[in-house]
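Residue numbering restarts at 1 for every chain, and letters A, B, ... go by the order of the sequence lines.
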Amino acid sequence: MSYCGILFGIQPNTNKTNMIEIKDLHKSYQMGSNSLHVLKGINFSVKAGELVAIMGSSGSGKSTLLNILGMLDVADSGEYKLDGVTIKDLNETKAAKYRNKFLGFVFQSFNLINYKTALENVALPLYYQRIPRKERQEKALKYLEMVGLKEWSHHLPSELSGGQNQRVAVARAMASEPKVILADELTGALDSTTSYEVMDLIQKINDQGNTILVVTHEDDIAHMCKRIVYLKDGVIIKDEKVKQVRASEYV
Amino acid sequence: MRFLFDKNTWQEIFGSIGKNKTRTIITVIGVLWGIFIYIVLAGASQGMDNGFEKNFETVAKNSIWAWSQSTSMPYAGYKTGRSLRIKVGDAQTLANRIPEIQYISPVNTKGVFGGEAALGVRGMKSNSYPVYGYFPVIAKMATQKIYDGGRFINEEDIEQARKICVIGERTQQELFDKDEDPIGGYIRVDNIYFQVVGVHKFTQTTPFGTDGDIYMPYSTFKKLYNTGENAQYFTIAAYDDADVVQVEKDIKSVLKSIHKVHPDDERAFGAFNLGEIFNKIMGFAEGITFLSLVVGLATILAGVIGIGNILLISVKERTKELGIRRALGATPKEVRILIILESVFLTTIAGIIGIILGAAVLSIINQLTQDIEFPYTNPTVPIPLVIGALAVMVILGTLIGLIPAQRAVSIKPIDALREE
């Protein structure tokens with residue numbers, strides 16, 4: 001898949017520095033008079049080029065962790081460094097700029113804008129980077145081609161299958177050339193065959209040196225990553241490297 | 001303000017409103033209707049205003065006619081019921097004592113207020129016509145439309161008491177043949193030959209004018225009918241900025257002092273005050289204009305509030321979309337601008353279409369009222385009012401857009417994304 005590297009123009013971070021560094025992260029939610037302590041001191045780091053699964057049952061705090069990593073939510077205490085930049089004191093404007101520059105999101109429910117075509121959806125993060133329209137569309141088309149949907153670029157999300165929609169979402173996450181891609185239950189709404197197709201795509205993107213974090217509760221999906229972080233009741237109970245199962249074996 | 005001129009911003013906005021067509025159309029209709037009503041009402045009231053103005057355009061709007069009657073109170077040794085006669089010389093006294101008077105001219109008539117009309121004869125044709133003795137200055141107070149080739153009475157006519165006359169349109173039709181040129185022709189008025197120097201078109205220049213009459217120089221009239229220094233009435237025009245009610249009072253009190261009439265005698269002198277009536281009518285027209293302005297603006301306001309309402313609902317519908325945009329890097333400011341610009345853009349477009357439709361309807365009304373006897377002319381809305389209305393709409397559109405825009409950014413992106 002070496003042609004992809006040329007295509008993406010991404011330089012893999014070879015010196016394996018820490019892309020994500022988290023120290024003693026705490027987060028609790030106020031539920032009326034009760035305080036719900038969701039994250040109880042998370043410490044972990046992700047090196048550039050890793051493909052990490054965060055696993056846990058519902059209520060384990062994995063989504064909260066991902067939201068904090070994605071700057072959609074703010075931790076109560078602790079330190080968060082993204083590619084050496086300390087993320088703190090975020091207001092909405094700053095958070096939006098960081099998200100735009102550093103992060104790509106893939107969601108369980110795709111979260112595509114329903115009145116925009118696949119191409120326009122992929123081009124949207126680039127719009128917020130103030131990239132001119134023509135360049136935006138060229139780039140978006142390039143990433144759609146990468147996920148194998150070039151022929152579908154002018155279709156609305158409603159005209160595409162679930163797997164196709166998720167591939168559009170992946171292309172959109174890639175389009176802004178982020179430092180880290182965060183995927184929240186990205187196969188949650190897909191059947192297993194389609195899930196493996198999408199995971200195959202994720203693996204290929206990772207092969208190019210992109211750092212990817214996948215939140216999942218499915219064991220088979222987790223084992224398609226290179227490392228699994230098990231979360232339970234707001235703490236990491238296990239953090240292990242695994243032998244990657246290639247999704248292409250199932251496709 | 002850079003975003004306003006950013007092509008990308010507008011592409012985003014066109015994308016958003018173009019792809020939600022039903023919402024866009026419903027939104028637009030509210031404001032469109034508002035501005036349409038406003039334009040039609042404002043134009044119609046302006047048309048009525050113009051119509052009234054036109055009805056009065058041939059006569060000085062500050063005109064007053066004053067005449068003498070008989071006393072109703074004894075004064076200075078005179079008994080009550082004394083019949084009064086205004087004199088030619090009174091005109092000069094009035095002009096000297098009342099600075100607001102621009103023009104004043106005595107008029108004598110025969111056959112207008114009772115009395116026998118003059119017999120006009122030409123060859124075998126004859127009829128009776130009211131006769132007016134005029135000074136040339138009359139033309140300055142009541143526009144005289146004289147047909148081509150003719151002229152009005154001039155100063156020399158007065159000095160030499162020439163036997164010339166200006167005849168009405170109907171007089172011409174009755175005494176002359178159709179293809180005959182009346183100018184230079186002679187008619188006999190009460191057995192004296194007069195040369196016709198002009199034919200006047202009928203215009204309502206006095207409350208009692210007609211088109212079948214004969215005008216002659218004042219001095220000629222005086223000789224012909226032995227009126228001496230007596231005058232029948234004064235035609236008076238006050239300056240435009242004068243208070244016509246006060247001028248009327250002054251005229252009467254000066255006349256009373258000249259003719260030794262009790263200052264409180266209300267019946268000694270009569271007057272017809274066109275200025276006062278004109279002011280009342282124009283006041284009415286202004287009231288209508290004001291009313292239409294208020295109604296129109298209220299309708300626009302209702303329309304804009306409608307836009308705000310629909311945008312508020314649409315923001316709720318679009319919570320997820322806006323959450324996605326923010327997750328992808330839209331700053332709160334960019335989201336706010338997107339919503340406000342949508343509001344302003346829709347309001348402006350609706351406004352422009354409304355103005356065009358309103359103008360179209362006004363022009364149709366204008367066509368329909370062209371030939372009917374109704375004070376309605378040239379219904380237009382002044383450009384400043386149109387621009388003002390547009391400005392009001394853009395401002396209101398911005399203000400009303402602030403509410404949904406604020407709502408859009410008040411939801412955290414994480415909550416917005418969770419919304420299903």
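Among B:P332, B:G323, B:G329, the residue making the largest number of heavy-atom pairs under 4.5 Å with chain A is B:G329. Most heavy-atom pairs under 4.5 Å with chain B: of the set A:Y127, A:Y98, A:F105, this distinction falls to A:Y127.
A donor-acceptor contact shorter than 3.5 Å is absent between the side chain of A:N111 and the backbone of B:I324.
Closest approach of B:A330 to A:A96, counting heavy atoms only: O-CB, 3.4 Å. The nearest pair of heavy atoms linking B:K320 to A:S109 is NZ-OG, 3.5 Å.
Interface remark: A:Y115 contributes backbone and side-chain atoms alike to the contact with chain B (heavy atom separation under 4.5 Å). Contacts of A:L112 with chain B are made by backbone atoms alone, with heavy-atom separations under 4.5 Å and no side-chain atom involved. For chain B, no part of A:Q108 is nearby; none of its heavy atoms comes within less than 4.5 Å. Within the 4.5 angstrom heavy-atom criterion, only side-chain atoms of A:F107, from C-beta onward, approach chain B. Contacts between A:L126 and chain B at a heavy-atom distance below 4.5 Å are absent for every atom of the residue.
Atom-to-atom distance recorded for B:I414:CD1 and A:D73:CG is 4.5 Å, nearest 0.5 angstrom.
With salt bridges taken as basic N to acidic carboxylate O contacts below 4.0 Å, one links B:E334 and A:R130. With respect to the salt-bridge test (charged N to carboxylate O, under 4.0 angstrom), the residues B:R326 and A:E92 qualify.
For A:Y29, the OH atom sits in a packed shell: over 12 heavy atoms of surrounding residues, nucleotides or ligands are nearer than 6.0 Å. Heavy atoms of other residues, nucleotides or ligands lying less than 6.0 angstrom from NZ of A:K101 number 12 at most.
Put simply, the side chain of A:K97 reaches to within 4.5 Å of the side chain of B:T331, judged on heavy atoms. Residues A:I113 and B:R325 meet the side-chain proximity criterion, which asks for heavy atoms closer than 4.5 Å.
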